[in-house]
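All remarks here apply to the structure that follows.
Whatever order the structure lists them in is the order used to number ligands and atoms, beginning at 1. Worth saying up front: this structure is predicted, and the values here are computed from it rather than measured.
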Amino acid sequence: MTPATLERSLLSAIRTIPDYPKPGILFRDITTLLGDARAFRRAVDELVHPWAGAKIDKIAGIEARGFILGGAIAHQLSAGFIPIRKKGKLPHETVRVAYSLEYGIDEMEMHKDAVKPGEKVILVDDLIATGGTAEGAVKLLRQMGAEVVTACFVIDLPDLGGRAKLEALGVDVRTLVAFEGH
Ligand code: AMP
């Protein structure tokens, strides 16, 4: 499959919901992609591809859609999985960071013992918009000494500048499809 065909097939598997969760937002809904066996497999295979054979210790997934993609990627790369969650959901000792969203502000947490210093980690979420969420996750991982080797997303909203924000932090970014605007 050529990159253009792959991109078209992934784009057609993503549903757009206007004005969700608030007016003016075009919500890029990947539940349709996840429900399509071939599209789901292709997305995971493409995200994993550059790292096949590499020694990756952990995949960190951002709640909640990053858990689904991240779990599949962790399995493919024989890596462990780290959940990065909204505050108050993790039962053990955590590190916490505040972050800004395309539509609000929140806090996220990770277990303190989820990663050891020097471990190589891939960060995963479904979509990067302003990059505030992923930036917060990178901060948590680096605070505990992890090396964030890449951050990968199915969808990029390049007009919102998230990729550039992460790259300015020295994080390699990989995305599969892009939508103009927000
Ligand atoms: P941001 O922190 O601005 O990069 O926002 C990324 C996070 O918010 C991801 O966890 C996305 O799932 C979610 N998100 C932001 N904008 C959208 C959108 N337009 N459609 C779907 N999810 C979004």
Side-chain angles (χ1 to χ4, degrees), residues 7 9-36 39-40 42-44 46-47 58-74 81-90 94-111 114 121-143 146 148 150-182:
E7 188 173 0
S9 84
L10 292 178
L11 279 171
S12 67
I14 296 162
R15 171 167 60 192
T16 296
I17 316 266
D19 300 322
Y20 182 89
K22 53 184 214 195
I25 303 285
L26 288 173
F27 190 84
R28 308 298 180 176
D29 174 22
I30 64 150
T31 62
T32 40
L33 181 148
L34 299 173
D36 175 338
F40 186 16
R42 273 182 198 142
V44 171
E46 274 308 300
L47 292 173
K58 306 258 168 73
I59 307 300
I62 299 176
E63 183 172 0
R65 293 176 293 271
F67 290 0
I68 302 161
L69 295 161
I73 292 169
F81 180 79
I82 302 170
I84 297 188
R85 301 206 63 178
K86 294 174 184 122
K87 69 162 186 276
K89 304 270 187 171
L90 288 168
T94 59
V95 276
R96 181 183 291 191
V97 70
Y99 65 104
S100 57
L101 282 165
E102 185 185 355
Y103 33 76
I105 286 186
D106 214 336
E107 286 177 294
M108 70 173 99
E109 293 180 333
M110 182 181 86
H111 274 146
V121 177
I122 294 178
L123 178 67
V124 181
D125 202 359
D126 63 330
L127 178 147
I128 182 157
T130 66
T133 311
E135 181 186 31
V138 167
K139 282 187 186 154
L140 288 179
L141 289 163
R142 286 183 169 171
Q143 193 180 329
V148 182
T150 197
C152 61
F153 308 85
V154 175
I155 303 167
D156 186 14
L157 305 184
D159 296 346
L160 295 180
R163 171 191 284 267
K165 185 182 276 177
L166 287 194
E167 286 174 348
L169 290 174
V171 179
D172 173 70
V173 177
R174 178 164 164 79
T175 61
L176 302 184
V177 301
F179 289 95
E180 280 177 22
H182 61 90

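Close to ligand 1: Gly131, with a non-hydrogen atom less than 4.0 angstrom away. Under a 4.0 Å heavy-atom criterion, Ile62 is not in contact with ligand 1.
Once rounded to the nearest 0.5 Å, the distance linking CG of Asp172 with CG of Leu166 reads 10.0 Å. Of the inter-residue distances, the one linking Phe153 atom CZ with Arg163 atom CZ reads 9.0 Å to the nearest 0.5 angstrom.
Below 3.5 Å of separation, one finds an N or O of Leu26 facing an N or O of ligand 1. Looking at ligand 1, you won't find any N or O of Leu127 less than 3.5 Å from one of its N or O atoms. On a distance-only criterion, Glu63 and ligand 1 share no N/O pair closer than 3.5 Å.
Of all atoms in ligand 1, numbered sequentially from 1 with element shown, those under 4.0 Å from a heavy atom of Thr133 are 1 (P), 2 (O), 5 (O), 6 (C), 7 (C). With ligand atoms numbered from 1 in the order given, ligand 1 contributes 9 (C), 10 (O) to contacts under 4.0 Å with heavy atoms of Asp125.
For the pair Ile25 and Tyr20, the minimum side-chain heavy-atom distance is 4.5 Å or more. Using a 4.5 Å cut-off on side-chain heavy atoms (C-beta onward), Leu69 and Ile30 make contact.
For the side-chain contact (heavy atoms from CB on, under 4.5 Å) with Leu123, the lone residue among Ile59, Ile82, Ile84, Leu140 that qualifies is Ile84.
By the salt bridge (charged side-chain N to carboxylate O under 4.0 Å, His left out) test, Glu46 pairs with Arg174, sequence neighbours left out.
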